[in-house]
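In what follows, a single structure is set out as structure tokens and then discussed.
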Amino acid sequence: MKFTKQDLLTMLIGLFLFASCKDSNTIGLDLDDASQIKGDLMDTTTVTSQTLRDDVTSGVSLARYPFGFMTDGVFGTSSASIAMAVALPNADYSTYKFGTNPVIDSAVLVLPYTSQVYGDTTTSVYTVNVEQLTLDLSKEKTYQSDKNWPVDATVGTFSGKIRPTTKTSITTVVKGGPDTLVKVVPQMRIKLTNAFIQTNILNKDSLTLSKPNNFFKSFKGLKVSATASNKGGIMFFNFAGTDGKLEIYYKKQNATTPTAKDTVAVSFPIGAGLGPVTATVNHGYTQVILDQLGANPPATDVTYLQALAGLKNKISFPYLKNFIADLKKPANGGSPNTKVIVNKAELVIDLNNNTTDVVPFGAAQRLALYRFDIAGQRVNVPDNDNGIQNVYAGDPRALGEALFGGYFDSVRNRYIFTITAYIQDLLDGKTQDYGTFLAPSSLTEFNLSPSVTSAARSIINKHKKNPASGLKLNIFYTQIN
């Protein structure tokens, strides 16, 4: 049998590791019993939790934009609307010319779906209204997620079920050729009134159609909102690409044959890089939730988490310092110089299984865990502080997203975060707990700010001492004297 250098190296490393393996509870050299360092588990550390209203956040520059309406029997109602600027069709901002005697044929607002949706996608009927904004969206300084943008008359409606994963077939106008049937990305298509488009776009002068600022000032933009039958849900739209647009089909006089008419199609793009697109979310909470948000919340066995900048939990570890003090007692084999090395710390969050009216509102697929710094600003715990390339180095103890955790375990109905570095720093006094928080996060990206790119919610158990269950902190530690 032949061995390559790589095979021999692998074998030597394996033999070395095998020879060095010991009991996982014993760390270090071969010491006598009095000096041995042993690992222990503390799983009764008290963790307190409280339901709080989440903060208002930005409605712009989102990975996806929430839209819809849902009625949750536990939480109440949630709605998400979108306000958007409509840009000029020419990328070089040259004046678009509609030609001689243009007459509107039809106009369609195209809103491209993403694959994510939360709630009922099969039975609920959605009623969508499109209204013109009364102010120039591009001139606004802030775009907060609770801003309800003022509107004028309704200029388009849609009523029906949604199909966020089904491609749509449409007929496109081909210049100089026959109309063609093509399949396009999954999208909501809302027909706008001809008179509105004729007056506010086709009849505008060349100065209005020559510069973005002029057009934004004149047309202002559109707001789209919805209601839903049954329980409804929240879908998400993608405005990062080129599929969001206002399609206009019109007829104009033929340049060579005055009695003939040409049918023309033009798209006025809608996208986050072309003009502001911003989401607004609103919640109408049930009395159960309002009681939890009151000054004197009633005692319950659960707390509530909700995305769409809805609800978060403040958690704390009030007796963590007592843990160290107890270990220093002679009865526990400690001394004034006792030090604790945290081998691993896990925050375990159990989903409550006894709540009603869950379907179709399943548990959030991911949670965020973050803390406040001394200034009350959101920052990552050290275990998730991976930094920003060329900006901030982060914490060298930071874990990858998978190891840090927070993903829903549907088998055990729980979430687990690894927060070893954070608990070590709290025990050593290197940092203080100015506030530690749980909140829903989008599955595909970690949300340090309040999430409006997810609509999910979770009801989780509070901490119980006997036996330790629900929300708990497991500390695997080594005591050094």
Side-chain angles (χ1 to χ4, degrees), residues 52-68 78-91 93 109 111 129-155 200-201 204 207-226 234 236-242 244-246 268-283 307-310 312 368 370 372-373 375-379 388 391-392 439 442 445 447-455:
L52 299 175
R53 197 182 296 269
D54 211 343
D55 303 323
V56 173
T57 189
S58 173
V60 296
S61 302
L62 304 178
R64 67 197 68 85
Y65 289 78
F67 178 76
S78 295
S79 64
S81 61
I82 301 174
M84 62 197 78
V86 178
L88 289 169
N90 292 335
Y93 300 139
L109 178 63
L111 305 175
N129 289 320
V130 182
E131 299 159 296
Q132 186 181 29
L133 296 170
T134 60
L135 48 77
D136 182 354
L137 198 64
S138 70
K139 297 299 183 182
E140 295 298 303
K141 302 298 183 183
T142 60
Y143 302 89
Q144 292 186 317
S145 60
D146 64 343
K147 172 74 172 181
N148 288 304
W149 301 94
V151 294
D152 207 336
T154 299
V155 298
N200 291 277
I201 296 184
K204 293 299 180 180
L207 182 62
T208 300
L209 297 172
S210 64
K211 294 182 179 180
N213 289 341
N214 293 347
F215 185 67
F216 288 150
K217 181 179 179 181
S218 173
F219 189 73
K220 297 182 174 62
L222 301 171
K223 176 183 175 180
V224 188
S225 57
I234 300 293
F236 293 86
F237 292 130
N238 173 26
F239 290 107
T242 60
K245 54 194 169 183
L246 171 58
F268 282 65
I270 299 170
L274 301 170
V277 178
T278 182
T280 297
V281 293
N282 290 290
H283 300 283
L308 292 179
K312 62 183 178 180
Y370 62 93
F372 275 176
D373 62 13
Q377 300 298 309
R378 296 181 183 220
V379 294
I388 303 173
V391 177
Y392 170 61
S442 173
E445 63 273 344
N447 298 122
L448 183 61
S449 299
S451 174
V452 290
T453 55
S454 169

Item to check | By ring pair (Phe, Tyr, Trp, His ring centres under 6.0 Å) - contacts of Phe237 (at least two apart) | outcome: Phe67, Tyr113
Exercise answer: donor-acceptor pairs, residues 83-91 side-chain atoms, under 3.5 Å, sequence neighbours excluded:
| from | atom 1 | to | atom 2 | distance (Å) |
| --- | --- | --- | --- | --- |
| Asn90 | ND2 | Ser94 | O | 2.9 |
| Asn90 | ND2 | Ser94 | OG | 3.3 |

Item to check | Shortest non-hydrogen separation from Tyr370 to Val379 and the atoms involved | outcome: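 Tyr370 and Val379 have their closest heavy atoms at CB-O, 3.5 Å.
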Checklist entry - If you look at every heavy atom in Pro450 and Thr57, which pair is closest and at what distance? => result O-CG2, 3.7 Å
Next on the checklist: For Asp55, give me all partners under salt bridge (charged side-chain N to carboxylate O under 4.0 Å, His left out), at least two apart in sequence or on another chain.
Outcome noted: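 Expected list: Lys312, Arg378.
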Item to check | Test salt bridge (charged side-chain N to carboxylate O under 4.0 Å, His left out) applied to Glu445 - qualifying residues, sequence neighbours left out | outcome: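 Here the qualifying residues are Arg64.
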All side chain to side chain contact (heavy atoms under 4.5 Å, CB included) counterparts of [X], not counting sequence neighbours:
{"X": "Ser78", "answer": "Met70, His283, Gln306, Leu308"}
{"X": "Asp152", "answer": "Thr134"}
{"X": "Ala375", "answer": "Asp373, Gln377"}
{"X": "Gln144", "answer": "Val56, Asp146"}

Among residues at least two apart in sequence or on other chains, which ones pass side chain to side chain donor-acceptor pair (under 3.5 Å) with [X]?
{"X": "Thr208", "answer": "Asp205"}
{"X": "Ser138", "answer": "Asp136"}
{"X": "Asn238", "answer": "none"}

Return all side-chain donor-acceptor pairs below 3.5 angstrom for residues 211-221, not counting sequence neighbours, or 'none' if the list is empty.
| from | atom 1 | to | atom 2 | distance (Å) |
| --- | --- | --- | --- | --- |
| Asn214 | ND2 | Leu207 | O | 3.1 |
| Ser218 | OG | Lys204 | NZ | 3.4 |
| Lys220 | NZ | Lys217 | O | 3.3 |

Checklist entry - Is Phe236 close to Leu62 at the side-chain level, that is, under 4.5 Å between some pair of heavy atoms? => result no
Next on the checklist: I want to check something: taking the side chain as every heavy atom from C-beta on, are Leu111 and Tyr65 in contact at a cut-off of under 4.5 Å?
Outcome noted: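 A side-chain contact under 4.5 Å is absent here.
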